[in-house]
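What follows is a set of notes on a single structure, which appears directly below.
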Amino acid sequence: MAISIRLDPEIERRLADLASHTGHDINYHVREFIMNGLDNLEDFYLANATMARVRDGQELVLESFEVRSSLGLANNQGN
């Protein structure tokens, strides 16, 4: 998919500088930025959705000692 965006001159300059210092073209860096940014956005929104379910009592929440115990990792230190 081809996308056209308008960038301000400062961002264009920074991308050009990055491209010249790394040997990758501007398109490479824009693709990398989008892929990493998309990963971060997905993580953020999925985490927010999970927290909303926790607040609404729809998501199981365990104490750390319960998790350790269920995995056979319980200790007697109380932490």
Side-chain angles (χ1 to χ4, degrees):
M1 162 184 357
I3 296 175
S4 176
I5 60 171
R6 195 174 306 272
L7 300 174
D8 68 51
E10 175 62 15
I11 292 174
E12 287 183 43
R13 184 197 59 74
R14 290 174 64 189
L15 279 170
D17 286 348
L18 183 61
S20 69
H21 284 93
T22 63
H24 294 288
D25 64 18
I26 290 174
N27 289 327
Y28 170 85
H29 291 293
V30 171
R31 278 191 305 273
E32 287 290 307
F33 180 77
I34 290 171
M35 286 189 306
N36 290 325
L38 185 57
D39 285 344
N40 291 337
L41 284 174
E42 288 170 337
D43 290 346
F44 175 80
Y45 286 110
L46 291 174
N48 272 348
T50 300
M51 285 308 300
R53 289 192 308 276
V54 167
R55 283 190 295 274
D56 292 342
Q58 300 170 349
E59 190 76 27
L60 177 64
V61 177
L62 300 173
E63 297 287 337
S64 61
F65 73 89
E66 294 173 299
V67 174
R68 285 193 305 274
S69 178
S70 72
L71 295 172
L73 303 173
N75 60 35
N76 294 326
Q77 298 173 349
N79 55 5

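Numbering starts at 1 and runs along the sequence shown.
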ask   = How about L15 and L7: do any of their side-chain heavy atoms sit closer than 4.5 Å?
value = yes
query = Roughly how far apart are R14 CZ and H29 NE2, rounded to 0.5 Å?
reply = 13.0 Å
remark   = Rounding to 0.5 Å, atoms CZ (R31) and CD1 (I26) come to a distance of 11.5 Å
note = d(N36 CG, L41 CG) to nearest 0.5 Å is 11.0 Å
ask   = Are F65 and L62 grouped together when hydrophobic residues (ILVMFWY) are joined by side-chain heavy atoms under 4.5 angstrom apart?
value = no
ask   = Shared ILVMFWY cluster between M35 and M1, side chains joined below 4.5 angstrom?
value = no
ask   = Under a single-linkage definition using a 4.5 Å side-chain heavy-atom cutoff for Ile, Leu, Val, Met, Phe, Trp and Tyr, are F33 and I5 assigned to the same hydrophobic cluster?
value = no
key: From CG (L71) to CD (E66), nearest 0.5 Å   = 12.0 Å
task = Verify the cluster assignment for I3 and I11: are they in a single hydrophobic cluster under the rule of side-chain heavy atoms below 4.5 Å apart?
result = yes
request  = Look at the side chain of T50 and the backbone N and O of L46, then say whether any donor-acceptor pair between them is shorter than 3.5 Å.
outcome  = yes
query = How long is the span from the CG atom in D43 to the CG atom in L38, to the nearest 0.5 Å?
reply = 9.5 Å
